[in-house]
Amino acid sequence: MRALRRFTVRASLPEPLAALGTLATNLRWTWHPPTQELFASVDPQTWERVGNDPLRLLAQVPVSRLEALAGDENFLSRTRTIAEDLHHYLTAPRWYQRRQEETNQRRAAGGNDPLLPDSVAYFSMEFGVTEALPNYSGGLGVLAGDHLKASSDLGVPLIGVGLLYRSGYFRQSLSLDGWQVEHYPVLDPRGLPLELLTEPSGAPILVHVAMPGGRVLRARIWRAQVGRVPLLLLDSDVEDNDEDLRGVTDRLYGGDQDHRIRQEILAGIGGVRAVRTFCELTGHPRPEVFHTNEGHAGFLGLERIRELINGEGLDFDQALTAVRAGTVFTTHTPVPAGIDRFPVDLVRHYFGQDVLLPGVDTQRVLALGAEDNPGMFNMAHMGLRLAQRANGVSQLHGRVSRAMFRGLWPEFDTEEVPIGSVTNGVHGPTWAAGEISKLLGESSVDGGAGALGLEPVSDSLLWELRCSLRTRLVEEVRRRVRAAWLQRGASALELGWTESVFDPEVLTVGFARRVPTYKRLTLMLRDPERLRALLLHPQRPVQLVVAGKSHPADDGGKALIQQIVRFADDAGVRHRIVFLPDYDMSMARYLYWGCDVWLNNPMRPLEACGTSGMKAALNGGLNLSIRDGWWDEFYDGSNGWAIPTADGVTDPTRRDDLEAAALYELLGGQVAPLFYDRGEDGVPSGWMAMVRHTLATLGPAVQASRMVREYVETYYAPAAQSAASVCRDGHAGARELTAYRARVAAAWPAVSVVDSGTAVNGSGGPRLGVPLRVWARVHLGGLDPSEVDVQAVIGRVGDSDELHDVVTAPMRHTGDGGYEADVPLPHAGSVGYTVRVLPKHPLLATPAELGRVALPR
Ligand SMILES: *Cc1c(COP(=O)(O)O)cnc(C)c1O
């Protein structure tokens, strides 16, 4: 049956129920249990059948039922209350508006706090908001969805921008012998919670992007509404397009490099055009800040450069300066092999004929994506060059990124590479089970007083709740295992055993994620007999639920899935280990709620952050994980377990052996014994102490609201400030900073520290804490002393004379190229110093930004 057209749905709602239409199209219902309960009560069976999707519910519920509800005063009054609640949620000031208010007050009192932007555009190739809008493949998309939801809760004025894929990523099933099979169901956008942006005539507004050979790629703009946040999704499936161009948005991460660059051109360049159209149409403020979530959407910066060249008369460098000021780039990739790159010839094919971005020099475009290999165009390098501010997604990933990209700032030590970090978070109201939120109070879920909410809850009550969540998972596992076997071709008659798969009393471990090699899906199978012994332990058994999709082109990943499936098919263990096909948000929820332990064993440090373990933690699940990504900074010894990593071991086989052995050891030696150590009341009090500690400490820390607040304070507000400074007075700041860059570039070869030395005040030689006088003579190559920072750098020295644990102190200009500073000695033992010169300009975000530093010759 085809999905019903959305306006038909609205038309068929009796007038007293009109508010249900709004409640169904605003995706706030996905994290608002009272709205879900309202829809469930419309028709519980249909609600179940349509997979808890309000639009499909309204399309399928019998008209007679709707008519009955239209006369049901109780139902109407509940609907009114919830509609008013939504209205209040959408219009009342929230955290961000209060922050703006405070900022204004401080500025009125003479402070110079940066103004918070009135609009931020957030670009991502995937958005996982709900399974009812399947537009994501995994963690990156779900993170983007959580970013929008938390922004909405906080009142952050975000606009999301991406593509609408006709078939999403793909649906996964299994063949009889355990091989992944992909399905691409075609989604009708009219049946999705989307609204088309149209001309007053009703005709769809189209974004145009020029393609080589005089062709044009057109895209419609669909708008999803995520609470307060609009999400614009471009869709190339319009009749006016050539057949091949209609297919640009067919699938996420499908197709070849050519397909992919077209998608990225549409997302980046088309995306900016869609934002402009949207703002004109609705009066929404124009974005001051553009946030590029991963390199894929990076072409957005090039379109903004074109706008400034064509519309404001800036040259390329000035436009680049202006664009950088208002751009934030987030990288998610800790390995060079994972970075999005295109052959330079392919980029030239699309950008080379002066039609895609008229007036923008192709050579300059190519230079932005340059990397070591002259034949490749690197989207991450372009992302970094187009953004004045950049970050990784956990503290460890920040460090890894600084090392990985240090080639872009070759003269700086790794620690000074200007890439920071904001550790990812997850949207509590989406991922915490309703019972948990109720028990602990709303505030614990959206990042408030986690520990306080927990105090009065007894161990036995909390344990009961954990047991009921586990039981619900067991029911879901049985349902899905049975469905999977029917799909694989089994007959219902031989599936009686599926009714007793899993046991609601048994320690339940979850492992679900995409299946790239580094996540090591099959590490648990390293020693199959040991795994079998853990699963079948007579007193302390473990049951394991596994899920994940492999990229359709990755046969290696599919072979790993097959290994797990074959192991789990064995009649001797199939009641204790299952592989559930078609991992998505609708399945993930049950796993995060019900698993006692969440297992993660990536090859450190290849997991940039990881978020599934955070979702488990929100529900009182304990993490058992390699110290990678978020777990490296959040593991505290009593909120779960750290699987030791064999970091120095280079032979991957040996490394897997060692880490797998450590995993079995922990699971059998510590995790299971603690879980099964019961008091007289049947409650495992040692276990519950860890659950309690997890809920109280990780609960607030892993929230997406914490993450979004960090982005606002550390990235969006400073970026908005920078953007305002360069744009003011006809882009005077951009012109000035660009001229400064040129002056620095010309002068720098001659900038040097000619001579330097030290002297200790008083007698007795250098002592800890006593100021050391450092002096230097510096040649500035024609730059003014006000245009540079001269610094004394003091730190420990090892055998190689390399400085570390350094402190830096600005040096005073004493005239005629002379500089001096008094620096208290920071360390005892072997200490060294040096002097360096850095560019200095009020519009630079960091001294390393220009990649220039001069040291003694
Ligand atoms: C959270 C989530 C992920 C990300 O999990 P990782 O731990 O980052 O691998 C992937 N898929 C779904 C459906 C999720 O909800």
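All values below come from the heavy atoms of this structure, side chains included, with hydrogens, waters and symmetry mates left out. Just so you know, these numbers come straight off a predicted model, no measurement behind them. Whatever order the structure lists ligands and atoms in, that order sets their numbers, starting from 1.
In this structure, the side chain of R251 does not engage the main chain of Y165 through any donor-acceptor pair within 3.5 Å.
Judged as a salt bridge (Lys or Arg N to Asp or Glu O under 4.0 Å), the pairs with a partner in residues 543-552 (not counting sequence neighbours) are, in order, K549-D582.
The only member of R171, K558, Q172 that meets side-chain hydrogen bond (donor to acceptor under 3.5 Å, both in side chains) when paired with E182 is K558.
Remark: D657 engages R526 in a salt bridge (Lys or Arg N to Asp or Glu O under 4.0 Å) (not counting sequence neighbours). Contacts of W687 classified as ring-ring contact (aromatic ring centres under 6.0 Å, His included), with partners at least two apart in sequence or in another chain: W641, F675.
Here the two rings, on H147 and Y122, have centers that are under 6.0 Å apart.
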Enumerate, one pair per line, all nitrogen or oxygen atoms of ligand 1 lying under 3.5 Å from a protein nitrogen or oxygen, stating the separation to 0.1 Å; write 'none' if no such pair exists.
from     : atom 1 : to   : atom 2 : distance (Å)
ligand 1 : 7 (O)  : T611 : N      : 3.3
ligand 1 : 7 (O)  : S612 : N      : 3.0
ligand 1 : 7 (O)  : S612 : OG     : 2.4
ligand 1 : 8 (O)  : T611 : N      : 3.1
ligand 1 : 9 (O)  : K519 : NZ     : 2.7
ligand 1 : 15 (O) : Y592 : OH     : 3.2
ligand 1 : 15 (O) : K615 : NZ     : 2.6

